[in-house]
Amino acid sequence: MTTRQKQILWILAVLLAVAVADQLTKAIVVRALPEGSWWPGGYEDRFFRFSHETNPGLVGGMFSNRPAVARTAPLIAFAVLLFLYTQLHVRERMQSIAYGLVAGGAVGNIIDRFRLGYVVDFLQFHFHFVPFDFPWKRYPAFNVADSAICVGVALLILGWHLAERRAAKEEAHVPDAD
């Protein structure tokens with residue numbers, strides 16, 4: 001098996017794991033919580049809770065009133081993701097895992113968007129204890145796919161940085177052929 005084939009297997013394994021975990025957790029939330037409700041109940045000012053929200057828009061509900069944009073933007077992002085594949089270092093496993101996280105998250109949300117017309121979000125943080133106001137004190141609900149995308153992007157950036165440093169270090173130690 002070539003190095004490129006191993007890379008593709010890593011990417012596909014992570015992509016499938018993320019997409020399945022995302023769809024499974026969303027199905028559990030849809031069955032367990034009525035839309036618009038949260039768990040645990042009780043007082044409003046909890047740092048974390050599960051909620052059942054639908055997001056017809058993009059990040060934080062942007063473009064909720066523009067369904068064409070909300071459906072087109074993820075497809076454009078996926079096309080960019082396909083281009084980024086050509087930029088991966090074939091021997092960098094962290095980049096393969098990171099790419100699989102991003103691709104799996106994108107697939108999970110695209111499935112929702114085209115199957116349901118919206119994305120199911122259910123992880124909710126509320127920074128009620130912060131003594132000053134800021135725009136997202138009650139952070140917009142998100143899901144496993146969103147988390148995988150964020151972690152994957154951070155790991156991709158780190159992976160590219162480390163790969164470039166490694167390449168520069170190897171290049172500096174190559175003896176002159178003259």
Side-chain angles (χ1 to χ4, degrees), residues 7-39 44 46 48-88 94-128 133-161:
Q7 179 188 46
I8 291 169
L9 282 177
W10 272 101
I11 290 169
L12 288 175
V14 174
L15 183 154
L16 287 172
V18 169
V20 167
D22 178 64
Q23 291 298 301
L24 182 62
T25 54
K26 289 173 180 174
I28 291 168
V29 167
V30 166
R31 284 194 182 99
L33 284 174
E35 187 177 335
S37 66
W38 63 82
W39 182 87
E44 176 81 8
R46 290 186 184 269
F48 174 78
R49 65 185 182 188
F50 292 98
S51 62
H52 178 181
E53 298 181 19
T54 58
N55 181 1
L58 300 175
V59 179
M62 290 187 313
F63 301 108
S64 294
N65 58 346
R66 311 251 338 251
V69 173
R71 283 185 177 217
T72 305
L75 295 176
I76 292 169
F78 201 76
V80 169
L81 195 57
L82 292 175
F83 166 76
L84 288 178
Y85 173 75
T86 66
Q87 306 303 306
L88 296 179
M94 183 170 71
Q95 283 188 349
S96 300
I97 292 168
Y99 187 87
L101 287 168
V102 175
V107 166
N109 281 340
I110 286 172
I111 289 170
D112 275 14
R113 185 139 340 265
F114 285 93
R115 187 173 63 91
L116 305 170
Y118 54 84
V119 174
V120 174
D121 291 325
F122 60 90
L123 301 168
Q124 180 84 60
F125 287 92
H126 183 198
F127 300 95
H128 62 88
D133 280 336
F134 60 96
W136 282 354
K137 198 166 186 171
R138 179 179 310 284
Y139 198 79
F142 57 99
N143 55 45
V144 171
D146 299 334
S147 301
I149 291 169
C150 290
V151 170
V153 166
L155 288 176
L156 271 176
I157 292 168
L158 178 63
W160 275 314
H161 174 72

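All residue numbers refer to positions in the sequence shown, counting from 1.
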Colleague: Hey, what do you get for CZ (Phe50) to OG1 (Thr25), rounding to the nearest 0.5 Å?
Modeller: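 That separation rounds to 9.5 Å.
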Colleague: Is it true that a side-chain atom of Trp160 and a backbone atom of Gln87 form a donor plus acceptor pair closer than 3.5 Å?
Modeller: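 Judged by distance alone, yes, a pair lies under 3.5 Å.
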Colleague: Do Phe125 and Phe142 come close enough that some side-chain heavy atom pair is under 4.5 Å?
Modeller: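 Contact flag for Phe125/Phe142 side chains = yes.
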Colleague: Find the distance between CZ (Arg71) and CD1 (Ile110) and round it off to the nearest 0.5 Å.
Modeller: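 One finds 11.5 Å between CZ of Arg71 and CD1 of Ile110.
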Colleague: Is the side chain of Asp112 donor-acceptor paired with the backbone N or O of Asn109 at a distance under 3.5 Å, no angle test?
Modeller: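 No, because the side chain of Asp112 does not come within donor-acceptor range (under 3.5 Å) of the backbone of Asn109.
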Colleague: Heavy atoms only: give me the nearest Ala70-Gly57 pair and the separation to one decimal.
Modeller: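 For Ala70 versus Gly57, the nearest heavy atoms are CB-CA, 4.1 Å.
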Colleague: Output all residues satisfying salt bridge (charged side-chain N to carboxylate O under 4.0 Å, His left out) with Asp22, sequence neighbours left out; order by chain, then residue number.
Modeller: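 Asp22: salt bridge (charged side-chain N to carboxylate O under 4.0 Å, His left out) contacts with Lys26.
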Colleague: Donor-acceptor pair, Tyr99 side chain versus Leu81 backbone, under 3.5 Å?
Modeller: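 Yes: the side chain of Tyr99 pairs with the backbone of Leu81.
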Colleague: Going by the rule side chain to side chain donor-acceptor pair (under 3.5 Å), which residues pair with Gln7 if we only count those two or more places apart in sequence or in a different chain?
Modeller: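 In terms of side chain to side chain donor-acceptor pair (under 3.5 Å), with neighbours along the sequence ignored, Gln7 is linked to Arg4.
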Colleague: Any donor-acceptor pair under 3.5 Å linking the side chain of Arg113 with the backbone of Pro56?
Modeller: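 Looks like yes, one N/O pair under 3.5 Å.
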Colleague: Quick one: does any side-chain atom of Ser37 pair with a main-chain N or O of Leu33 as donor and acceptor, under 3.5 Å?
Modeller: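 Between the backbone of Leu33 and the side chain of Ser37 there is no qualifying donor-acceptor contact (under 3.5 Å).
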Colleague: Report the distance from atom CG of Leu84 to atom OG1 of Thr86, rounding to the nearest 0.5 Å.
Modeller: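 If we round to the nearest 0.5 Å, Leu84:CG and Thr86:OG1 are 7.0 Å apart.
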Colleague: How long is the span from the CG atom in Leu123 to the CG atom in Asn143, to the nearest 0.5 Å?
Modeller: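 Rounded to the nearest 0.5 Å, the CG-CG separation comes out at 7.0 Å.
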Colleague: Using every non-hydrogen atom in the two residues, find where Gln124 and Pro140 come nearest and quote the distance to one decimal.
Modeller: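 So the two residues come closest at NE2-C, 4.3 Å.
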Colleague: If every non-hydrogen atom of Val153 is compared with every non-hydrogen atom of Val102, which pair is closest and at what distance?
Modeller: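 Here Val153 and Val102 meet closest at N-CG2, 3.5 Å.
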Colleague: Which atom names give the shortest non-hydrogen contact between Ala98 and Gly152, and what distance separates them?
Modeller: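 Closest approach of Ala98 to Gly152, heavy atoms only: CB-O, 3.4 Å.
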Colleague: Which value, rounded to the nearest 0.5 Å, describes the distance between Leu155 atom CG and Ile97 atom CD1?
Modeller: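 Output value for this atom pair is 8.5 Å.
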Colleague: Using the side chain to side chain donor-acceptor pair (under 3.5 Å) rule, collect all pairs that involve residues 54-63, keeping only residues at least two apart or in two chains.
Modeller: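 Pairs touching residues 54-63 that pass the test: Glu35-Thr54.
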Colleague: Taking the side chain from Glu53 and the backbone from Phe122, do they hold a donor-acceptor pair closer than 3.5 Å?
Modeller: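 Not a single qualifying donor-acceptor pair exists.
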Colleague: So Asp146 and Asp121, do their side chains get closer than 4.5 Å, heavy atoms only?
Modeller: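 In short, these two side chains touch, coming nearer than 4.5 Å.
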Colleague: What are the two closest non-hydrogen atoms of Val18 and Gly104, and how far apart are they?
Modeller: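 Result for this residue pair: CG1-C, 3.5 Å.
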Colleague: Where do Ala73 and Leu58 come nearest, in terms of heavy atoms and distance?
Modeller: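 That would be CB-CD1, 3.7 Å.
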Colleague: Would you say the side chain of Leu88 lies within less than 4.5 Å of the side chain of Leu156, judging by non-hydrogen atoms?
Modeller: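 They are in side-chain contact.
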Colleague: Is the shortest heavy-atom distance from the side chain of Phe78 to the side chain of Val80 under 4.5 Å?
Modeller: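 Side-chain contact under 4.5 Å: no.
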Colleague: Taking side chain as C-beta onward, heavy atoms only, is Val29 less than 4.5 Å from Trp39?
Modeller: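 The answer is no; the side chains never approach within 4.5 Å.
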Colleague: For Tyr139, is the OH atom crowded, meaning more than 12 foreign heavy atoms sit under 6.0 Å from it?
Modeller: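 It does not: Tyr139 OH has 12 such atoms or fewer within range.
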Colleague: Does some side-chain heavy atom of Ser96 sit less than 4.5 Å from a side-chain heavy atom of Leu9?
Modeller: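 Contact flag for Leu9/Ser96 side chains = no.
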